[in-house]
Amino acid sequence: MSHDHQHPDGSQPEPRLPMHPVPDRRALLIRGGLTVLIIVAVIYLLTSHWLHLLDALPYLFVAGMLGMHLFGHGGHGGHGHTTGGRTNDA
């Protein structure tokens, strides 16, 4: 199967770039290092500042409910609004 062909204007097609470029080794090491750093920071906060986190828990709960209500089902359009009782069955 030959893919050599000419376009009507005589130009060659542009080379296609890969859909998902492969990250290089350095980027993978940086991402892995940041992931480990975040995990260590979370463990430190949980063990050293447990009482402060418990104090903030009610506020985080309320903020989470607000966020889920606004963004969890597409805003206020997801409350079962109908099209005025008409159907497309006729």
Side-chain angles (χ1 to χ4, degrees):
M1 175 182 244
S2 175
H3 292 285
D4 296 330
H5 62 275
Q6 293 290 328
H7 286 251
D9 61 358
S11 66
Q12 291 293 324
E14 294 181 19
R16 294 183 182 209
L17 297 174
M19 294 297 288
H20 301 286
V22 178
D24 61 346
R25 186 175 182 92
R26 185 173 140 204
L28 288 174
L29 287 174
I30 291 172
R31 184 179 294 167
L34 285 175
T35 302
V36 169
L37 184 67
I38 290 171
I39 290 172
V40 168
V42 167
I43 290 172
Y44 171 74
L45 287 174
L46 287 175
T47 57
S48 297
H49 300 283
W50 180 248
L51 294 177
H52 299 298
L53 291 172
L54 287 178
D55 288 340
L57 196 59
Y59 301 108
L60 292 173
F61 183 69
V62 170
M65 286 191 306
L66 178 65
M68 288 191 314
H69 180 74
L70 291 177
F71 303 113
H73 52 77
H76 284 278
H79 285 287
H81 294 270
T82 60
T83 58
R86 289 183 244 156
T87 61
N88 294 333
D89 294 337

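Basis for what follows: all heavy atoms, side chains included, without hydrogens, waters or symmetry-related copies.
- For the residue pair Leu53 and Leu45, the shortest heavy atom distance occurs at CD1-O, 3.6 Å.
- For the side chain to side chain contact (heavy atoms under 4.5 Å, CB included) with Ile39, the lone residue among Val36, Leu37, Val42, Thr35 that qualifies is Thr35.
- Using a 4.5 Å cut-off between side-chain heavy atoms of Ile, Leu, Val, Met, Phe, Trp and Tyr, with links allowed through other members, Val62 and Leu57 fall into different hydrophobic clusters.
- If you chain together hydrophobic residues whose side chains sit under 4.5 Å apart, Phe61 and Leu66 never meet in one group.
- Put simply, CG on Leu28 and CZ on Arg26 are 12.0 Å apart, with the number rounded to the nearest 0.5 Å.
- Within the model, atoms CZ of Arg25 and CG of Leu29 stand 6.0 Å from one another, a figure rounded to the nearest 0.5 Å.
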